[in-house]
**Student:** 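Mind looking over this structure? Questions follow.
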Amino acid sequence: MLKDLFFPPLHLDSLVTDKSLAFYDGLVRMLEERCKNIGKGGAFDRRKAALLDAAPSRALVIRAMSDASFIRPLIDLWRTSEKFLQAVPPDEKILNHIQRLTLDTTRHRLTRLALRELCMFFFMCYDVLPDVASLGSFLQGQLSLYRQSELMFGLDCLIPCMSDMLTAEGYQFLASLTAREHIPLADMAARYGIPRHGCRFFERSQQAYYILRLKALEPNAEDPLLTEVRQEQVYTKYIRDKCRLGHEVIAILIDKLREAGQAPCELWIDTILAIGGDPRLPRSARSFQMWWMVQGEARLQCMYEWLSKIDLELFLQICRGYINDKNRDDMLRMYPAREEFLRGLFRKKLIRQTRLFLGYNVQNYVERYYQGRKKLFSTKITGQPDLAVFYLDLGNAHIVEGTFSFTLKIMDRIPPTSVLAAYDDSVQVRLLGKGLEEDYAGAFHSVHNLFCYRHDPSGRWRYEAVNALISLGVGITTADVVSASAFYRRYQ
């Protein structure tokens, strides 16, 4: 007898392969496409035309919908006609009328196709709907009239979580669920039959997912997520009125580093710069207006501090590496004193902002040094291709330092018409040297607080520079910028 026969267990897992999954995914998509055209003939089109004729009056549209056969034509118009959607949106009155029409049907509910199409409309047009909460509540009520086994295309999976998913905050629920289960968002969306292409619900979920994961990162964590969010098509998306995803990314990364008291690693600063660019531009600049105006002074000051330190390292690299390539032993001998002096200023946290001015050859050197990384803001020097100039704002004092035999300048303020106060694409080399001294004298009718020092091999310039800074009210001592060994050598 059959009951005495032994059937070995069927292991379905061994039958499921990538190839079989791809086949069934394709089959499901084909079935969905065919379902879209079911019931769409001449009568369907006539009902659509009747609804269009009744628009934009909501009362006339409701009157035209005499039975449930008008429900799918109405959903189709919502999905395909932006003008109709704006005139007759799925608000509470329309949805109540649809509810009354379904009560006159045999099963007192939407058909599976109508329910599927209305769910797709909910996801596709999610945050452009005037009353997404009412539509979500209506869909929950309709889904509750079905057993889970009666549905497919992801609607069956929606039933257990419909009170979370089909709401105004449903996209956040999908993002949280994805982060909790550690699977790709696209796979999670597919589980619930949520479209991925051109779907506002999926886009909002993706943005929320990025923010959740960013907030979970440890400061300076190396995570591929940071490469994803620096893509233009990702960070430029709006997440709410006037706020793009990039604004949130910048704020989260800076706040994490600030709270941890850490400077950004290469990946983190590159991500911030890839989105917002260098903030050390005039506040009227387009990139500053778009990305930095909303960030607040505290975040800006953090960026100024971090970027100034990067400027310092780049300037020292130019002094050390670029000049070494030029075989200038005399300049290399004076490099340690410049490095000590500049690093000492930074250790004392005296620097507010910095700027780099680079000759053509130095710019090319920097391009090779960065190797495709996001460049910092700099101004091109014309007339001396091998020169690099470093400007430092200390508040009470301003320093202009340069490579080779450039004369160090210290002043109490910068001339308002000088190149230090402007943001031109390029400047003549003279305007950073003698021209700057002339601008100062012309603007303030005195050179009393303008100090100029040549870099002598003995390092005497550092002591003179310290005295000048002290006279301008900068809290500094010789020991801050001169090593003990160099100090003792001077007085031996």
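The analysis underlying the following values was restricted to heavy atoms, covering all of them including side chains, and did not include hydrogens, waters or symmetry mates. Numbers here are sequence positions counted from 1.
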**Student:** Would you call D255 and R299 a salt bridge, taking side-chain N to carboxylate O under 4.0 Å as the test?
**Tutor:**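 Salt bridge: yes.
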**Student:** Test your reading of the model: is there a side-chain donor-acceptor pair from E117 to the backbone of I75, 3.5 Å cut-off?
**Tutor:**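 Checked: no pair found.
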**Student:** Quick check against the 3.5 Å criterion: does K409 have a side-chain atom that pairs as donor or acceptor with the backbone of T407?
**Tutor:**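 Judged by distance alone, yes, a pair lies under 3.5 Å.
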**Student:** Does the pair Y235 and W291 meet the rule for a ring pair (Phe, Tyr, Trp, His ring centres under 6.0 Å), with working shown?
**Tutor:** CA-CA 11 Å; Y235 69 75; W291 296 109; 5.6 Å; yes
**Student:** Would you indicate whether the side-chain heavy atoms of V249 and Y210 approach each other to under 4.5 Å?
**Tutor:**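 With C-beta onward as the side chain, the pair stays apart.
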**Student:** Is it the case that the side chain of T403 and the backbone of A388 share a donor-acceptor pair, with hydrogens and angles ignored and the cut-off at 3.5 Å?
**Tutor:**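 Looks like yes, one N/O pair under 3.5 Å.
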**Student:** To the closest 0.5 Å, what do you measure between CZ (R244) and CD1 (I250)?
**Tutor:**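 If we round to the nearest 0.5 Å, R244:CZ and I250:CD1 are 11.5 Å apart.
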**Student:** Could you tell me whether the side chain of K349 reaches within less than 4.5 Å of the side chain of E305, counting heavy atoms only?
**Tutor:**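 In short, these two side chains touch, coming nearer than 4.5 Å.
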**Student:** Output all residues satisfying side chain to side chain contact (heavy atoms under 4.5 Å, CB included) with N467, sequence neighbours left out; order by chain, then residue number.
**Tutor:**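 Testing N467 for side chain to side chain contact (heavy atoms under 4.5 Å, CB included), a comparison that skips the adjacent residues, returns none.
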**Student:** Does any part of the side chain of L420, heavy atoms only, come nearer than 4.5 Å to the side chain of H398, both counted from C-beta?
**Tutor:**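 Result no, sub-4.5 Å side-chain heavy-atom pair not found.
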**Student:** Could you tell me whether E218 and K256 have a side-chain N and a carboxylate O separated by less than 4.0 Å?
**Tutor:**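 No, E218 and K256 are not salt-bridged.
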**Student:** Do Q289 and R286 pair up side chain to side chain, a donor and an acceptor below 3.5 Å, judged on atom types alone?
**Tutor:**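 Their side chains do not contain a donor-acceptor pair, so the 3.5 Å distance test is not met.
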**Student:** Does the side chain of H197 come under 3.5 Å of the side chain of E203 through a donor N or O and an acceptor N or O?
**Tutor:**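 No - no donor-acceptor pair under 3.5 Å links their side chains.
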**Student:** Can you tell me how far apart CD (E340) and CZ (R347) are? Round to the nearest 0.5 Å.
**Tutor:**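 Output value for this atom pair is 8.0 Å.
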**Student:** If we ignore angles and hydrogens, is there a donor and acceptor under 3.5 Å between the side chains of R454 and S405?
**Tutor:**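 Not at all, the side chains of R454 and S405 share no donor-acceptor pair under 3.5 Å.
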**Student:** Please tell me if the side chains of M124 and F201 come closer than 4.5 Å, counting only heavy atoms from C-beta onward.
**Tutor:**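 No, side chains not in contact.
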**Student:** Step through the shown structure and confirm whether more than 12 heavy atoms of other residues, nucleotides or ligands are within 6.0 Å of CD on E82.
**Tutor:**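 Atom CD in E82 is not packed in, count stays at 12 or less.
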**Student:** If you define the side chain from C-beta out and look only at heavy atoms, does anything of P282 sit under 4.5 Å from F288?
**Tutor:**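 No, their side chains stay 4.5 Å or more apart.
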**Student:** Starting from the C-alpha separation in whole Å, work towards a yes-or-no answer on side-chain contact (heavy atoms from CB on, under 4.5 Å) for V132 and D127.
**Tutor:** CA-CA 7 Å; V132 67; D127 58 356; over 6 Å; no
**Student:** Give a yes or no on whether Y453 atom OH has more than 12 heavy-atom contacts from other residues, nucleotides or ligands under 6.0 Å away.
**Tutor:**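 Above 12, so yes.
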**Student:** Quick check: does any side chain N or O of W306 sit under 3.5 Å from a backbone N or O of I269, one acting as donor and the other as acceptor?
**Tutor:**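 Side chain of W306 to backbone of I269: no pair is present.
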**Student:** Do L358 and I381 have side chains that approach each other closer than 4.5 Å (heavy atoms only, starting at C-beta)?
**Tutor:**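 A side-chain contact is absent here, since even the closest heavy-atom pair is not under 4.5 Å.
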**Student:** Within the distance-only criterion (no hydrogens, no angle test), does the side chain of D187 pair as donor or acceptor with the backbone N or O of P184 below 3.5 angstrom?
**Tutor:**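 Judged by distance alone, no pair lies under 3.5 Å.
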**Student:** Please assess Q317 against Y365 for the test side chain to side chain donor-acceptor pair (under 3.5 Å), listing each intermediate value before the final yes or no.
**Tutor:** CA-CA 10 Å; Q317 173 62 29; Y365 174 82; 2.7 Å; yes
**Student:** Filter on side-chain hydrogen bond (donor to acceptor under 3.5 Å, both in side chains), then keep only pairs touching residues 161-176, sequence neighbours left out; what's left?
**Tutor:**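 Sorted result for residues 161-176: Y171-R204.
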**Student:** What is the distance from atom OH of Y335 to atom CD1 of I318, rounded to the nearest 0.5 Å?
**Tutor:**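 Answer rounded to 0.5 Å: 11.0 Å.
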**Student:** Would you call E181 and R191 a salt bridge, using N to O less than 4.0 angstrom?
**Tutor:**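 So E181 pairs with R191 through a salt bridge.
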**Student:** With sequence neighbours left out, what residues match R280 under salt bridge (Lys or Arg N to Asp or Glu O under 4.0 Å)?
**Tutor:**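 Salt bridge (Lys or Arg N to Asp or Glu O under 4.0 Å) check on R280 returns D278, D311.
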**Student:** Quick one: side chain to side chain contact (heavy atoms under 4.5 Å, CB included) partners of D412, sequence neighbours excluded?
**Tutor:**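 Expected list: Y440, N449, L472.
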**Student:** What do the steps show when you test F357 against F390 for side-chain contact (heavy atoms from CB on, under 4.5 Å), and what is the final call?
**Tutor:** CA-CA 7 Å; F357 297 82; F390 191 23; over 6 Å; no
**Student:** Taking D439 for the side chain and P415 for the main chain, is one N or O donor matched with an acceptor at less than 3.5 Å?
**Tutor:**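 Here the side-chain-to-backbone pair does not exist.
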**Student:** Kindly indicate whether a cation-pi arrangement holds for R196 with F202, taking the cut-offs as under 6.0 Å to the six-membered ring centre and within 45° of the axis.
**Tutor:**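 The answer is no, since R196 fails at least one limit relative to F202.
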**Student:** Could you tell me whether R58 and D91 make a salt bridge, using a distance below 4.0 angstrom between a side-chain N and a carboxylate O?
**Tutor:**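 A salt bridge links R58 with D91.
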**Student:** Measure the shortest side-chain to side-chain distance between L253 and P264 over non-hydrogen atoms and say whether it is less than 4.5 angstrom.
**Tutor:**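 Not touching, per the 4.5 Å side-chain cut-off.
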**Student:** Return the set of residues passing salt bridge (Lys or Arg N to Asp or Glu O under 4.0 Å) with E464 (not counting sequence neighbours), or none when no residue passes.
**Tutor:**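 Checked E464 against salt bridge (Lys or Arg N to Asp or Glu O under 4.0 Å); matches are R460.
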**Student:** Output yes when E297 and R283 qualify as a salt bridge under the 4.0 Å nitrogen-oxygen rule, no when they do not.
**Tutor:**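 A salt bridge is present here (some side-chain N lies under 4.0 Å from a carboxylate O).
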**Student:** Evaluate the side-chain contact (heavy atoms from CB on, under 4.5 Å) criterion for residues L345 and L469: first the C-alpha distance (whole Å), next the side-chain angles of each, then the deciding distance (0.1 Å), finally the verdict.
**Tutor:** CA-CA 11 Å; L345 295 175; L469 290 171; 4.2 Å; yes
**Student:** Would you check if the side chain of D456 reaches a backbone N or O of G459 as a donor-acceptor pair within less than 3.5 Å?
**Tutor:**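 Between the backbone of G459 and the side chain of D456 there is a qualifying donor-acceptor contact (under 3.5 Å).
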**Student:** Between the main-chain N or O of T236 and the side-chain N or O of H247, is there a donor-acceptor pair closer than 3.5 Å?
**Tutor:**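 No: the side chain of H247 does not pair with the backbone of T236.
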**Student:** Hey, is the main chain of G277 close enough, under 3.5 Å, to the side chain of S287 for a donor-acceptor pair?
**Tutor:**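 No, S287 side chain to G277 backbone: no donor-acceptor pair under 3.5 Å.
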**Student:** How are the rings of Y126 and F122 set to each other: parallel, tilted or perpendicular (split at 30° and 60°)?
**Tutor:**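 Rings of Y126 and F122: perpendicular, over 60°.
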**Student:** Could you tabulate the donor-acceptor pairs under 3.5 Å formed by side-chain atoms of residues 430-437, not counting sequence neighbours?
**Tutor:**
| residue | atom | partner | partner atom | Å |
| --- | --- | --- | --- | --- |
| R430 | NH1 | E438 | OE1 | 3.2 |
| R430 | NH2 | E438 | OE1 | 3.3 |
| R430 | NH2 | E438 | OE2 | 2.6 |

**Student:** Report yes or no: is the cationic atom of R79 (NZ for Lys, CZ for Arg) under 6.0 Å from the centre of the six-membered ring of F84, at an angle within 45° of the ring normal?
**Tutor:**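 No; the conditions do not both hold, so R79 does not lie above the ring face of F84.
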**Student:** Can you check whether S134's main-chain N or O pairs, donor with acceptor, with S137's side chain at less than 3.5 Å?
**Tutor:**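 Not confirmed, S137 side chain does not pair with S134 backbone.
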**Student:** Drop me the distance from R355's CZ to S308's OG, to the nearest 0.5 angstrom.
**Tutor:**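 Answer for the CZ-OG pair, R355 versus S308, is 12.0 Å.
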**Student:** Can a salt bridge be assigned to the pair D223 and R213 using a cut-off of 4.0 Å between side-chain N and carboxylate O?
**Tutor:**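 A salt bridge is present here (some side-chain N lies under 4.0 Å from a carboxylate O).
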**Student:** Under the side-chain contact (heavy atoms from CB on, under 4.5 Å) criterion, do D386 and Y360 qualify, and how do the steps go?
**Tutor:** CA-CA 7 Å; D386 292 327; Y360 177 77; over 6 Å; no
**Student:** Mind checking whether L166 and L143 have side chains closer than 4.5 Å, heavy atoms only?
**Tutor:**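 Yes, at least one pair of side-chain atoms sits under 4.5 Å.
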